[in-house]
Novice: 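Sharing a structure, written as structure tokens. Questions coming.
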Amino acid sequence: QTATIGDSIVDDEDIVYIFGAKAGSGKSAWAANYWKNGLTQSPAGKRYIAVHTMLGSEINSAEMCRRALAYGLCKNISGLEMPDLNIPDEQTVDIFPLLDRLDSELGIKLVWIIDGVEKLQNKTDRNLLWLNGIIKSECIIVLLGSDEDQLNEFASSRMDCSFNEVVPM
């Protein structure tokens, strides 16, 4: 059952997929086993790169997640220039040049798996507002979390979401 979810995500037109289930139910293991980090091809022939990032409980966890995305993209796709990741914590890494090149120049769709969204601490990060500019890019975002209220609030504020409950196999 979960395999068809993954296949349809890469070849579908939706932008954000949300998987919520209680902690320890297997969301992270499912995502890690289904979408291997790196460049691959969907059953319909689309090239995509999956980057799985984990959120922690640090105060700047959303920014650390953006930096992990930049690192994962540049490590797996030759020709992408690594942005400076050694900037002060309060500054934001500009990942938009990387995202722009992926689809427009390289024909690669990004599947960004953001795991542990319930761990975000400050209100702006918890509301997932930091994703708004990224969602407008040509990418697919998969959110994994256990705070159903947080996920439902985010899903209800967007038209491009598909909310799913993950049932581990």
Side-chain angles (χ1 to χ4, degrees), residues 3 5-19 27-28 30-56 58 60-117 119-120 122 124-145 151 154-155 157-164:
I5 292 172
D7 293 346
S8 67
I9 284 177
V10 174
D11 296 317
D12 208 356
E13 294 303 315
D14 281 344
I15 298 170
V16 180
Y17 289 81
I18 302 171
F19 297 97
K27 298 177 301 296
S28 300
W30 169 74
N33 285 313
Y34 193 81
W35 287 292
K36 304 292 185 214
N37 276 338
L39 195 56
T40 192
Q41 195 163 332
S42 76
K46 288 184 183 175
R47 288 177 28 165
Y48 72 95
I49 183 168
V51 179
H52 192 144
T53 57
M54 302 286 290
L55 289 163
E58 304 89 20
N60 60 346
S61 191
E63 175 56 23
M64 295 301 110
C65 194
R66 280 189 289 271
R67 292 177 193 205
L69 172 64
Y71 178 79
L73 291 173
C74 293
K75 179 181 129 193
N76 287 290
I77 300 175
S78 62
L80 288 181
E81 186 176 334
M82 181 79 71
D84 183 4
L85 302 179
N86 295 316
I87 58 175
D89 288 349
E90 62 276 358
Q91 290 182 1
T92 301
V93 168
D94 185 8
I95 60 172
F96 292 103
L98 297 173
L99 298 179
D100 291 343
R101 287 202 58 215
L102 274 184
D103 190 57
S104 64
E105 290 179 36
L106 303 172
I108 299 170
K109 189 133 195 154
L110 168 64
V111 177
W112 186 13
I113 301 127
I114 304 172
D115 199 345
V117 294
K119 295 176 184 158
L120 292 168
N122 70 50
T124 302
D125 286 353
R126 266 191 83 65
N127 291 341
L128 304 171
L129 296 175
W130 55 280
L131 289 174
N132 285 340
I134 297 166
I135 288 172
K136 295 174 187 165
S137 301
E138 291 294 320
C139 67
I140 297 166
I141 296 176
V142 178
L143 299 173
L144 304 176
L151 295 172
F154 180 74
S157 70
R158 304 208 50 89
M159 298 298 290
D160 51 9
C161 287
S162 173
F163 187 89
N164 304 278

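Numbers here simply count residues along the sequence, with the first being 1.
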Novice: To the closest 0.5 Å, what do you measure between CG (Leu99) and CH2 (Trp112)?
Specialist: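 The CH2 atom of Trp112 is 8.0 Å from CG of Leu99, to the nearest 0.5 Å.
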
Novice: What are the two closest non-hydrogen atoms of Arg47 and Leu106, and how far apart are they?
Specialist: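 Closest approach of Arg47 to Leu106: NH2-O, 3.7 Å.
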
Novice: Please report the interatomic distance CH2(Trp30) to CG(Leu144), rounded to the nearest 0.5 Å.
Specialist: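 Going from CH2 on Trp30 over to CG on Leu144, the span is 7.0 Å.
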
Novice: To the nearest 0.5 angstrom, please state how far the NE2 atom of His52 sits from the CD1 atom of Ile114.
Specialist: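 One gets 10.0 Å once the value is rounded to the nearest 0.5 Å.
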
Novice: Taking the side chain as C-beta and beyond, is there a heavy-atom pair between Thr92 and Glu63 under 4.5 Å?
Specialist: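 They are in contact (side-chain heavy atoms under 4.5 Å apart), so the answer is yes.
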
Novice: For the atom pair CD1 (Ile141) and CD1 (Ile113), what is the distance rounded to the nearest 0.5 Å?
Specialist: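 The CD1 atom of Ile113 is 11.0 Å from CD1 of Ile141, to the nearest 0.5 Å.
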
Novice: Can you find a heavy atom in the side chain of Leu110 that is under 4.5 Å from one in the side chain of Leu69?
Specialist: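 Counting from C-beta outward, Leu110 and Leu69 do come under 4.5 Å.
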
Novice: Can you list everything that forms a salt bridge (Lys or Arg N to Asp or Glu O under 4.0 Å) with Glu105? Sequence neighbours excluded, please.
Specialist: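 Arg101.
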
Novice: Can you tell me how far OG1 of Thr53 sits from CE of Met64, rounded to the nearest 0.5 angstrom?
Specialist: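 One finds 12.0 Å between CE of Met64 and OG1 of Thr53.
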
Novice: What's the shortest heavy-atom distance between Val51 and Ala68, and which atoms?
Specialist: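 Heavy-atom minimum between the residues: CG1-O, 4.3 Å.
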
Novice: Let me have the donor-acceptor pairs involving side chains of residues 71-90, under 3.5 Å, with sequence neighbours excluded, atom names and distances please.
Specialist:
unit_1 : atom_1 : unit_2 : atom_2 : d
Asn76  : ND2    : Gly72  : O      : 2.8
Asp84  : OD1    : Asn86  : N      : 2.9

